[in-house]
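Order of the sequence lines fixes the chain letters, A, B, ..., with proteins taken first and strands second; residue numbering starts at 1 for each chain.
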Number of protein chains: 2
Amino acid sequence: MEVDKPAPRRRTRRRTPGPVRVSARDVARHAGVSVATVSRVLNASGPVAEKVRRQVVAAVDALGYTPNAAARALVRSRSETIGAVVPTLENASFAIAVEALQARLRTAGYTLLLASSGYDNANELTQVRTLLTHGVEGVVVVGGSRHVDIERLCAARGVPLVQTWTLRTDTPSVGFDNRAVGRQLADLLLDLGHRHIGVIAGFTRGNDRAAARVAGIAEALAARGLKLAREHLIERPYRIAEGQIGLRALLASEPRPTAVICGNDLLAFGALLEARKRGIDVPGELSIAGIDDLEFAAELDPPLTTIRVPAAEIGRRSAEYLIDRLEGRTVATVTEVATSLIVRGSTAPVPNPPGPNQGDDQ
Amino acid sequence: MEVDKPAPRRRTRRRTPGPVRVSARDVARHAGVSVATVSRVLNASGPVAEKVRRQVVAAVDALGYTPNAAARALVRSRSETIGAVVPTLENASFAIAVEALQARLRTAGYTLLLASSGYDNANELTQVRTLLTHGVEGVVVVGGSRHVDIERLCAARGVPLVQTWTLRTDTPSVGFDNRAVGRQLADLLLDLGHRHIGVIAGFTRGNDRAAARVAGIAEALAARGLKLAREHLIERPYRIAEGQIGLRALLASEPRPTAVICGNDLLAFGALLEARKRGIDVPGELSIAGIDDLEFAAELDPPLTTIRVPAAEIGRRSAEYLIDRLEGRTVATVTEVATSLIVRGSTAPVPNPPGPNQGDDQ
DNA sequence: TTGTAAGCGTTATCAA
DNA sequence: TTGATAACGCTTACAA
């Protein structure tokens, strides 16, 4: 009983200009089997006679066939990609973390889609949206997202999101307590007798890490009845030259700080340079500390006191969190990585230790 | 006249566990239109009544719809992604270039798929293969690929490939003449009277940039009747600490070099540190030069003589080459970026200028 | 101006 | 052990 169902004629589509695309159908034809069998061979997803298997394999490399990820992603709704958005790759810490992230991801078969926000939160949201459109199965961002939308967007799609460089209790994160880091550095200096402590921080607005570090410093000061004066808090972009600018501002402030905590090692490097340029002895007259412990920190003159932040570990652990979740394993939501205070030559006791009754002069 | 064609019942597929996926069909249903209209609205690809357009837009954000890139890529055979493979992101130059590459790509609507090879050529090939499987429309790699396979693979798919940090005549590239850079540094030192020049290079095997730099140095020496002695060529990984090791080796060689050219600024930094540690005056007793002009180069003590390499420009130009080609514009195949010799305080005339008739002692 | 439906290249179900 | 074939979600002729 024939019906008038039209013959399944393939409609002609815009021909790809240039090289021929070879699909599983071509392989199947070449090997004299069906596409189903080709798929089975390629994914080892079903029984295939050894002889047939060999024919298919032969056809595959005779034709130089590579499966089309888009088609596969479509049918399996799995892209095998992970997205990451960092503030900038120009900061060595993030570059190192991304390197480790990618390396670990790769071992699990994932490819990394990378974007950077330039420390711009609106931009970050856009980037996450793009990544999501591209079907990433997981997302890693730096910091607690100011944009709740980011979390919402990911949650709506069931895409796991990890926040790094920060520690949250409510959402998945891999990082450390930035506030504690600030406190630790301030305590070190306070214990050395410093009472006038200046801060050259990164921009705190829209940057929870930078803000937390400053908050930690203020907290430690407060614990000793001191407070962080407005003119002792300078915010600058994270660059060497900005550290120089920052120190200049601090040196002009009243009372002049005897110690400076910098938001990261780049700023600290700059501060060190500026001090040297002005003939200010570090740490004799002025103590300087940074955060990150970049490769050069130990090699400066004097070597920089800083807090070591395990950037590679943050990258690797973020990857592992995502991999575990995607493979259905149970995972700790929050991973704290260990930072450590590294005291080197750039910090020393305050020059002329003030008497017992001060603290009201700042 | 009814025929017994079975009703087009949708087969039940594995339900995505968790959040509902919203597709264009859902949007269409919600807006009371067809999927075709939804597509038209989203891509502005056809006439749509203003009123209908608004309904669709409303439905889109009522449902929080995001198009599925895999499906789109499949039907249009365009992934809107570009792949890049760098040796490592831990080298600031590459990090900066990737940052610029991504930024430029983004403005043209492309997303970056990033991989790193760890300076391993076999690995690099694997990574390129993965990127290709993911359907990238263009590929950027660092250096002239030792693996002809990479070029072949890309060519077979009609995917443009750019080689960076190098200059080729036969294939698309964005970079500079590494040999000339080596020559330039050697000439500078030679002109200062140095006759015993040591080299701390990166590993030259499988790294055409490093090899070309060394070749350029040897060439400049040869032009003055000198040659680069085996014991004056040390190859080390690109890290500060390795520069220290390199200088130690060089100082033990006979005759002891009065000048050292380093494969990059990291190695030069290390050499500088080692010299200081040993009480060797730079540039009084020993001249040191690097390549890259990283942010810290000008800030070292003494400031480092180096060759400035415009990493960000390399990244940006690579992106532009790819974008232009993919949009069908005609493009220059080879783009040379300008490097420049920056003479700072780490190089000076040879201590005890030898008499007119030497040159046979090396 | 809109809708219908073919197909993009896979995977996976089902029947053979 | 294999082959048909229905989706996957989208774009785009083509028809209405």
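The interatomic distance linking A:Arg78 (CZ) with C:dA12 (P) rounds to 11 Å, in whole Å. Note: CZ (B:Arg76) to P (D:dG9) measures 17 Å, nearest angstrom. Whole-Å rounding puts the A:Arg25 CZ to D:dT5 P distance at 13 Å.
Counting only residues at least two apart or in different chains, salt bridge (charged side-chain N to carboxylate O under 4.0 Å, His left out) contacts with residues 28-49 of chain A comprise A:Asp26-A:Arg29. Within the structure, the salt bridge (charged side-chain N to carboxylate O under 4.0 Å, His left out) test picks out the following pairs touching residues 313-322 of chain B (sequence neighbours left out): B:Arg104-B:Glu320, B:Glu313-B:Arg317, B:Arg316-B:Glu320. Sorted by first and then second residue, the salt bridge (charged side-chain N to carboxylate O under 4.0 Å, His left out) pairs involving residues 130-144 of chain A (not counting sequence neighbours) are A:Arg78-A:Glu137. Among residue pairs with one or both ends in residues 41-55 of chain B, those qualifying as salt bridge (charged side-chain N to carboxylate O under 4.0 Å, His left out) are B:Glu50-B:Arg53, B:Glu50-B:Arg54; sequence neighbours excluded.
Considering only side-chain N and O atoms, B:Ser34 lies nowhere under 4.0 angstrom from the phosphate OP1 or OP2 of C:dT2. At C:dG3, one or more side-chain N or O atoms of B:Thr37 fall inside 4.0 Å of OP1 or OP2 (strictly under the cut-off).
Residues forming a ring-ring contact (aromatic ring centres under 6.0 Å, His included) with A:Phe94 (at least two apart in sequence, or on another chain): A:Trp165.
Within residues 38-53 of chain B, the residues approaching DNA chain D are B:Ser39, B:Arg40, B:Asn43, by heavy-atom distance under 4.0 Å.
Heavy-atom minimum distance, A:Val27 versus A:Val56: CG1-O, 4.2 Å.
In terms of position along DNA chain C, the nucleotide closest to B:Ala36 lies nearer the 5' end than the nucleotide closest to the other residue of the pair B:Ala36 and A:Thr66.
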